Peer 1: 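I have a structure I would like to understand better, so I am pasting it below and will then ask my questions one at a time.
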Amino acid sequence: MEVNLSEDQIQMANQARRFFENLMPMEYVRSMLEDPRGYTDPVWNKMAEMGWMGMCLPEAYGGLGLGLLDLSVVLEEMGRAVAPGPFFSTVLLAAEALVQAGTEEQKNRYLPLIASGTLLGSLALHEPEGGADPGYVRMPARPRAGGYTLSGTKLFVPDAHTAQILVCVARAGGMRRKEGGLALFVLKTETPGLTTRLLPTMDGTRKLCAVDFKRVKVQPEDVLGDLTNGQETLERVLQKAAVGLSAECVGGAQKAMEIATEYAKVRVQFDQPIGSFQSIKHRCAQMFVEVESARSVLYWAAWAQDHGDPMEAALSSSVAKVYCSEAYRNTCASAIQVLGGTGFSWEHDIHLYLKRAKANEVALGDPVYHRERIVRLLAG
């Protein structure tokens with residue numbers, strides 16, 4: 001694989017950085033913390049004009065047909081800016097599920113609208129008594145005349161309150177966990193019986209919701225793929241989404257490191273910059289090692305999703321999620337130590353990065369879950 005970014009990818013990254021510096025400064029990010037929607041239409045529409053919503057979508061459906069590595073360089077810049085909004089839920093969850101398993105009719109109906117930025121979506125997976133493993137899904141898809149009925153609650157659904165469609169994971173045919181039977185359904189959030197409510201979160205830049213299903217009726221044409229391949233589709237979607245989160249982590253860690261090192265150059269103690277002290281120098285050096293190592297793991301994982309074999313794609317995704325999320329959290333913690341009393345002020349931007357780091361660390365499976373997954377994959 002080619003480790004270095006191409007000229008086009010470097011240009012995309014630079015363009016994205018200018019975009020977020022101009023349209024998503026920290027004043028905008030802080031204003032979105034208290035905004036119920038979590039984004040504004042003008043900024044979202046500008047992002048759509050950049051073509052980011054359709055980067056990884058096939059050209060036949062209005063996308064650019066690029067790979068996950070191309071998207072990752074943009075996601076790095078999003079992480080660097082702690083960008084709020086429903087980009088992750090729409091592009092890496094809902095759209096990817098449609099690409100992986102949707103029928104031609106479903107793809108033609110939804111993907112062009114997602115690519116243009118006019119349709120938002122999300123993935124409803126987690127349940128009150130479950131963990132990150134999709135095997136914990138209990139919501140039944142009960143057959144009825146002319147379709148299915150969904151009843152239950154999904155938790156921690158990103159941006160469901162602003163989404164127009166949800167990809168819902170349910171267990172078809174009343175099958176128990178050991179029997180498989182996971183199925184994916186795509187349904188509109190205006191469907192009768194479906195309600196959403198915002199949940200309190202630590203990271204206010206990414207809104208999470210509870211979604212209640214009360215005898216929600218879905219049609220056979222709303223099944224993504226068929227009732228037997230939901231598990232495989234979901235695994236591929238979550239693998240790519242984990243790499244996307246890892247890209248955010250690398251960008252955020254890079255910015256946290258820059259905040260700390262710049263402060264170490266200008267903060268003077270005992271008539272010299274604190275960056276001249278051995279303890280500070282070593283801490284900054286360790287941040288650099290972790291950030292650069294995380295970036296290398298990220299690029300491997302992103303490349304493997306599009307070009308590697310299934311084993312490499314699965315393994316690299318979990319490795320990236322573990323390493324990049326822990327590197328982000330460690331870098332933010334070290335940055336606060338370097339900043340000293342300044343870093344312990346809630347008004348400092350470093351806390352936005354620390355909150356995003358902690359939220360990303362547990363999203364889509366925490367490091368413990370992914371380490372166990374790595375062991376299972378290596379054991380065959």
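Keep in mind it's a predicted model, so treat the numbers as computed, not measured.
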Peer 1: Do the non-hydrogen side-chain atoms of Arg356 and Tyr328 ever get within less than 4.5 Å of each other?
Peer 2: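 Arg356 vs Tyr328: side chains touch.
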Peer 1: Could you tell me if the side chain of Thr233 sits less than 4.5 Å from the side chain of Leu224, heavy atoms only?
Peer 2: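 Leu224 does not reach Thr233 side chain to side chain.
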Peer 1: Go through the side-chain N and O atoms of Ser345 and Glu347 and say whether any donor and acceptor fall under 3.5 Å apart.
Peer 2: yes
Peer 1: Going hydrophobic residue to hydrophobic residue with side-chain gaps under 4.5 angstrom, can you get from Leu113 over to Leu92?
Peer 2: yes
Peer 1: Hey, does Leu234 have a side-chain heavy atom less than 4.5 Å from the side chain of Leu123?
Peer 2: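 Of all side-chain heavy-atom pairs linking Leu234 with Leu123, at least one is under 4.5 Å.
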Peer 1: Could you pull out the closest heavy-atom pair between Gln305 and Ser317, with the gap in Å?
Peer 2: NE2-CB, 3.9 Å
Peer 1: Taking the side chain as C-beta and beyond, is there a heavy-atom pair between Ile165 and Leu98 under 4.5 Å?
Peer 2: yes
Peer 1: Should the heavy atoms of other residues, nucleotides or ligands under 6.0 Å from CD of Gln219 be counted, would the total exceed 12?
Peer 2: yes
Peer 1: If Ile, Leu, Val, Met, Phe, Trp and Tyr residues are connected whenever their side-chain heavy atoms lie under 4.5 Å apart, and connections chain through other members, are Val74 and Met50 in the same group?
Peer 2: yes
Peer 1: Can you confirm whether Gln11 is buried at CD, in the sense that more than 12 heavy atoms of other residues, nucleotides or ligands lie under 6.0 Å from that atom?
Peer 2: no
Peer 1: Do you know which two heavy atoms are closest between Leu194 and Lys188, and how far apart they sit?
Peer 2: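 Leu194 and Lys188 have their closest heavy atoms at CD1-O, 4.2 Å.
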Peer 1: Can you confirm whether more than 12 heavy atoms, excluding those of Arg376, are under 6.0 Å from its CZ atom?
Peer 2: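 For Arg376, atom CZ is crowded (more than 12 foreign heavy atoms under 6.0 Å).
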Peer 1: When you compare the side chain of Arg171 with that of Pro140, does any pair of heavy atoms fall below 4.5 Å?
Peer 2: no
Peer 1: If the test is side chain to side chain contact (heavy atoms under 4.5 Å, CB included), which one of Leu364, Leu199, Thr201, Leu125 qualifies with Phe156?
Peer 2: Leu199
Peer 1: Considering residues at least two apart in sequence or located in another chain, which fulfil the side-chain hydrogen bond (donor to acceptor under 3.5 Å, both in side chains) criterion with Glu76?
Peer 2: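 For Glu76 the side-chain hydrogen bond (donor to acceptor under 3.5 Å, both in side chains) partners, ignoring immediate neighbours, are Arg295, Tyr299.
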Peer 1: Just wondering, do Arg206 and Asn360 contact through their side chains at under 4.5 Å, heavy atoms?
Peer 2: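 Side-chain contact under 4.5 Å: yes.
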Peer 1: Do we see a donor-acceptor contact under 3.5 Å between the side chains of Glu235 and Gln231?
Peer 2: yes
Peer 1: Regarding Arg80 and the six-membered ring of Phe20, is the cationic atom NZ or CZ under 6.0 Å from the ring centre and inside 45° of its axis?
Peer 2: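 No.
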Peer 1: Which residues satisfy the ring-ring contact (aromatic ring centres under 6.0 Å, His included) test with Tyr353, sequence neighbours excluded?
Peer 2: none
Peer 1: How about Lys217 and Arg144: do any of their side-chain heavy atoms sit closer than 4.5 Å?
Peer 2: yes
Peer 1: If you group Ile, Leu, Val, Met, Phe, Trp and Tyr by side-chain heavy-atom gaps below 4.5 Å, do Tyr369 and Tyr136 land in one group?
Peer 2: no
Peer 1: Are Phe87 and Leu64 in one and the same hydrophobic cluster, where Ile, Leu, Val, Met, Phe, Trp and Tyr link if side-chain heavy atoms are under 4.5 Å apart?
Peer 2: yes
Peer 1: Do the side chains of His282 and Phe277 get nearer than 4.5 Å, heavy atoms only?
Peer 2: no
Peer 1: If you take the centroid of each ring, where Trp contributes its six-membered ring, are Trp300 and Tyr323 closer together than 6.0 Å?
Peer 2: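 No: the rings miss the under 6.0 Å criterion.
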Peer 1: Count the heavy atoms of every other residue, nucleotide or ligand shown that sit under 6.0 Å from CD of Gln272, and state whether that count exceeds 12.
Peer 2: yes
